[in-house]
Structure formats: C-alpha cells, structure tokens
There are 2 protein chains.
Amino acid sequence: MKQDYCYKHPRPSVTTDCVIFGYDQLQLKVLLIERGIEPYKGKWALPGGFVREDETTEQAAARELSEETGLKNIFFEQLYTFSNVDRDPRGRVITVTYFALVNIENFKPVAGDDAKNARWFPVKEIPKLAFDHEMIFRKALYRLKSKIKWQPVGVELLQDKFTLGELQSVYEAILEIKLDKRNFRKKILKTEVLIQLDEKQKNVAHKAAYLYKFDKKKYEQLENDGFYFEI
Amino acid sequence: MKQDYCYKHPRPSVTTDCVIFGYDQLQLKVLLIERGIEPYKGKWALPGGFVREDETTEQAAARELSEETGLKNIFFEQLYTFSNVDRDPRGRVITVTYFALVNIENFKPVAGDDAKNARWFPVKEIPKLAFDHEMIFRKALYRLKSKIKWQPVGVELLQDKFTLGELQSVYEAILEIKLDKRNFRKKILKTEVLIQLDEKQKNVAHKAAYLYKFDKKKYEQLENDGFYFEI
DNA sequence: AATGTTTAGTGTAAAAAAGACACTTAGAAA
DNA sequence: TTTCTAAGTGTCTTTTTTACACTAAACATT
C-alpha cells in the first residue's frame, strides 16, 4: 500500500549511523567498522546502513545494532540528523544517528558477518573516521556526558548485577573526573534508588530492580528520547 | 557536482516541520497553519515543507521560519526526526523537526503569502492537528519545559529589553507553576547573570548583555543543539 | 599459613543552595 | 487625590553538596 510516491521533490538517500558505547577495563569504548568498499575504503566508520522502505529509522538502527553486536534489548536513543549536502561524495545522503549503550561482556563479534572488521576503540584513541563521523561521534560523546548527569543511564553499560564501585567507575570514565566514594554512594542510593541484594552481597546492585524502580522516569524518557528494543 | 545518485535504495521524501513558540499575554503560544490542500485540507498543522536538494535540513527550517514569521536571527534547534512509514497518507515521508522561540511582538503576519491562514494558538487550546503533528508538538513542549530548567532560553521569547517580572512570567507560563518573586530574582541574577540597565530602570534586564555574558554556554549549546541563523 | 593488596563499607561537619515568607515604594490609571 | 498594580528588597530554615579517614573482608602472592 506504500504506493506511488507522488511528490515532485528531490529524494535523498536516508541512512542511520549508530554510536555504540561500551565499557571495558575502566575505559569507555566505541564500536567501529572498517569499511570494505569505496569511498573511504579501509577507513574506520560508525556502523550504519540504509533505511528500508518498510521500516522506521528506529527500526533500521535497531536492526543495525543487532547485526553488529548480536545483542538485543539495548538502550538506544536518537541523537541528531545530519544533512550537509556534501557529507557523502556519492550524492545527497541524510543520516539519522542514534547512540546506544551496551554491555561489552555480552558482545560476541558476529561470526559469518560480511567479513567486516569490527573493533572497540577507547574513546581516547579514536582513529580518523570516514565521512563526517567524527562530528557524529563527538556529538554522541557530549550527549552521553550530559545525560549521565541527570539520567540513570550508567547501568546500561554494565551487566545485570554490578557493584556500586563498578558503577562509580563508569561515571568516572564518562565524566573524566574522580568522584568521592561516599558521596557517590549517598547520592546514587538516594536519587537513583538502586536496590541492593542480600546481606552477603551488600555491595551488589541489581539492574532489573533498578530499572523497575525507575519505571516512571524511564517511561517519560522512552516516550521522548530513548527506546528499548527487543528483536 | 551533486551528480547521479548511485544508490539503489528507496528514497523517501524529506521534509521539515517547525514548532514555533511565542509568548504573548501571559500565555505560551504556538504558530499553526491551516492547510489549503489535501490531505488534511482545512486542518491545522505545523508549518513545514520539503527540503531542497541544495540545502540542509537546518537551512530548510530556517527558510520556513522566515517565510512564516518574517523574523530573522531566531533561536531554533533540532528536535527529532519522525519516520513512521504511514505518517503521511501520500507515501513515505521522513520529517526532521525543529523547535523555535520567537518574540511575537516582532511577528508580522507575512502579507502576500500563499493565502495560508496562520494563527497563534495558546498551547492549552491546540486544535486537532494534521498528520502526527500532535506528537511533534508534545515533544517540543516537553523539550522546552526541560530545557528552560537549565538553559537560559526564556529570554528568546521576549524583546531585547524586558523586566525580570516578564521573564518570570515566561517561566511560569512554560513550567505551569507559580514562582516566588524574590527567589526567582536571586537565582536568575546569580546563575544567569542578567545585566540590569541604569538606575532609573533597575528592573529592566537586557537581552544582548545577557547573551554576551553567556557566550561560553551558548557556544557549547550552538555547537551541539541549537543555531542562530541570519537570513 | 602468613602477608600484602585491593575493594567494600561507613558518618559527620561545614558550606552552599533552595525555599518560605511580608512589607514599602513608585508609577499608572481612575 | 486616590487607588491599583508591579517593583524592589533580606533573613531565617531546610536541604543538598562537598570534603574527609579509617576498619573489615576478600583475594592474590609468597
């Protein structure tokens, strides 16, 4: 039923690119793909692809994410739409970008993928990127830094169970500052209402409980920015 | 040089829609256009239009804004990109939306426009809107409410000179709460560093000074979200 | 088994920020 | 001139933020 397009207007290609953040060995990392074809063959780039006719940009991004990481139920949200007329040498391409937070431990390099080279780079050691992906990356990093200050997205980078110390390290890696342990715990336990498990593991917080507690806030956020998706 | 498009992919139409906020008579208002053609003929809609081949979506939005309001140097920023496959009955249309803050007093209904009916509606009395514009509008309103809490965008709705009382009214209209006069002044004068003019007009704050003072913050913001544009 | 090393866990005091609250003065309108 | 509306101002209380140091347990090393 998605019949004849009846507008007489230029029709740009529309793609999505994803800035996928992970956290590993006390470093914030980002997933990059080595391009196998021109233009920018051999350069590193953000994973992305064309939006199909029967899917939203969110669905396209979700598809990309699962293709690249094999992960499902990932936190992601729309970042920005880039539309400079010369951002792709092949012609007019408008790109809707997303940023995602994943748990690297769950990540298994997708075998049998189209032989693309995928690697996690520490955000401090990003190589030269194809297209305008550097700008996209910087915007994503800025967004993440801003967001973590008032929304409990840090946990998305960790496994279901994590210690408060680990969570603090995530904050420290993203914000690039040292935090006071006691103040961090005080604040996180008050404003973010993490739930701690049994007495034996008092320091282990639980992500599911955490998300549950944040239902309302999450809901607002989901409506307005972010999405969880289940493939 | 924007030669042959060489992708073999569906090419959606790309449009921009703008949620233009104004402030008048103690009310937050939004500019709507009555549609002159099908679909949704006669319904109210957000101003918007197609993105041309040689312009970015920002430029398209800026063009729309100036066409609709005749204003230049308007504050606006990208809001969200909507891409539901059935959001336009005519076919696949992806819309990059923007929200803008203007000073209604400077607004002159653009004469000789293509006979479109344009009107400011109080945000509390929005009629049924065409397409998915209600969703867009709600998202813009939510963004504005969030944004005003930590970025000094309130002044954008006022003229160059304004009283602190007027600024407070803007905050009250947007946040839908009553604020204490003394606490508001204390806070605004500390964190937002408004500059007051001569002794005679002690209560009149000045927007230019205000913007100047906020250079750094503005700059960051401009880089990451918003734009001022000069037609 | 003993030792050293790392991480978990805890409280208090000081400083800063936010919130509650009422009257006087000046200018505009009647 | 009187009345009405908006401007202007300070203090006290509560809440939030920040700075700061030691003990206990788990783990790794020898």
Side-chain angles (χ1 to χ4, degrees), chain A residues 23-27 105 145-146 148-152 154-155 157-207 209-210 217, chain B residues 23-27 105 145-146 148-152 154-155 157-207 209-210 213-214 217:
Chain A
Y23 175 77
D24 186 29
Q25 302 191 290
L26 299 178
Q27 287 182 310
E105 264 110 308
K145 280 188 192 185
S146 315
I148 202 175
K149 285 177 197 151
W150 61 280
Q151 281 194 342
V155 290
L157 293 162
L158 297 168
Q159 290 179 297
D160 282 351
K161 286 184 190 177
F162 51 87
T163 66
L164 291 174
E166 286 167 336
L167 186 60
Q168 182 178 343
S169 304
V170 167
Y171 276 75
E172 290 176 336
I174 293 175
L175 297 173
E176 300 179 85
I177 51 172
K178 262 286 173 202
L179 297 169
D180 179 83
K181 192 182 6 168
R182 274 172 296 189
N183 291 339
F184 179 80
R185 292 167 109 83
K186 206 190 303 173
K187 194 164 172 181
I188 221 76
L189 292 175
K190 185 197 288 191
T191 67
E192 310 213 344
V193 206
L194 280 163
I195 283 203
Q196 299 185 341
L197 296 182
D198 55 76
E199 279 304 303
K200 212 64 215 179
Q201 300 180 294
K202 269 171 79 181
N203 64 314
V204 177
H206 198 266
K207 194 164 157 185
Y210 173 92
K217 232 180 176 175
Chain B
Y23 175 78
D24 186 31
Q25 302 192 289
L26 299 180
Q27 286 182 309
E105 264 109 306
K145 279 188 193 185
S146 315
I148 202 176
K149 285 179 198 152
W150 61 280
Q151 281 194 342
V155 290
L157 293 161
L158 297 167
Q159 289 179 296
D160 282 351
K161 286 182 191 179
F162 51 87
T163 65
L164 291 175
E166 286 166 336
L167 186 59
Q168 182 178 344
S169 304
V170 167
Y171 276 74
E172 290 175 336
I174 292 174
L175 297 174
E176 301 178 87
I177 51 172
K178 263 285 176 203
L179 297 169
D180 179 83
K181 192 180 5 168
R182 275 171 296 187
N183 293 339
F184 179 80
R185 293 165 110 83
K186 204 192 304 175
K187 193 165 172 181
I188 220 76
L189 292 176
K190 185 196 287 190
T191 68
E192 309 214 344
V193 204
L194 279 163
I195 282 203
Q196 297 186 342
L197 296 182
D198 56 75
E199 279 305 303
K200 213 63 215 179
Q201 302 179 292
K202 268 171 78 181
N203 65 314
V204 178
H206 197 266
K207 194 163 156 185
Y210 172 92
K213 280 279 172 181
F214 267 86
K217 232 179 176 177

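When rounded to the nearest whole Å, the span between NZ of B:Lys178 and C1' of C:dG19 equals 16 Å. We find that CZ of A:Phe184 is positioned 13 Å from P of D:dT18, with the value rounded to whole Å. Remark: C1' of C:dG19 and CZ of B:Arg185 are 17 Å apart, rounded to the nearest angstrom.
Where B:Asp180 and B:Glu166 each meet DNA chain D at their nearest nucleotide, the meeting point lying more 5' is that of B:Glu166. Heavy-atom nearest nucleotides on DNA chain D were determined for A:Lys181 and for B:Thr163, and the one closer to the 5' end corresponds to B:Thr163.
To the nearest 0.5 Å, the span separating CZ on A:Phe162 from CG on A:Asp160 amounts to 9.0 Å.
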Name the pairs: protein N/O against N/O of nucleotides 12-17 of chain C, kept only if under 3.5 Å.
residue : atom : partner  : partner atom : Å
C:dT12  : O4   : A:Lys186 : NZ           : 3.1

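Among residues two or more places apart in sequence or in another chain, the side-chain contact (heavy atoms from CB on, under 4.5 Å) test is passed with A:Leu179 by A:Gln168, A:Tyr171, A:Glu172, A:Ile177, A:Phe184.
Taking all atoms of both residues into account, the shortest heavy-atom contact from A:Ala173 to A:Leu26 is CB-O, 3.9 Å.
Taking only distance into account, the side chain of A:Arg182 meets the base of D:dA21 through a donor-acceptor pair shorter than 3.5 Å.
Between A:Leu157 and A:Ile174 the shortest side-chain heavy-atom distance falls below 4.5 Å. Contact annotation: the side chain of A:Leu164 never approaches that of A:Lys181 to less than 4.5 Å [non-hydrogen atoms, C-beta and beyond]. Side-chain contact check for A:Glu176 versus A:Lys145: some heavy-atom pair is nearer than 4.5 Å.
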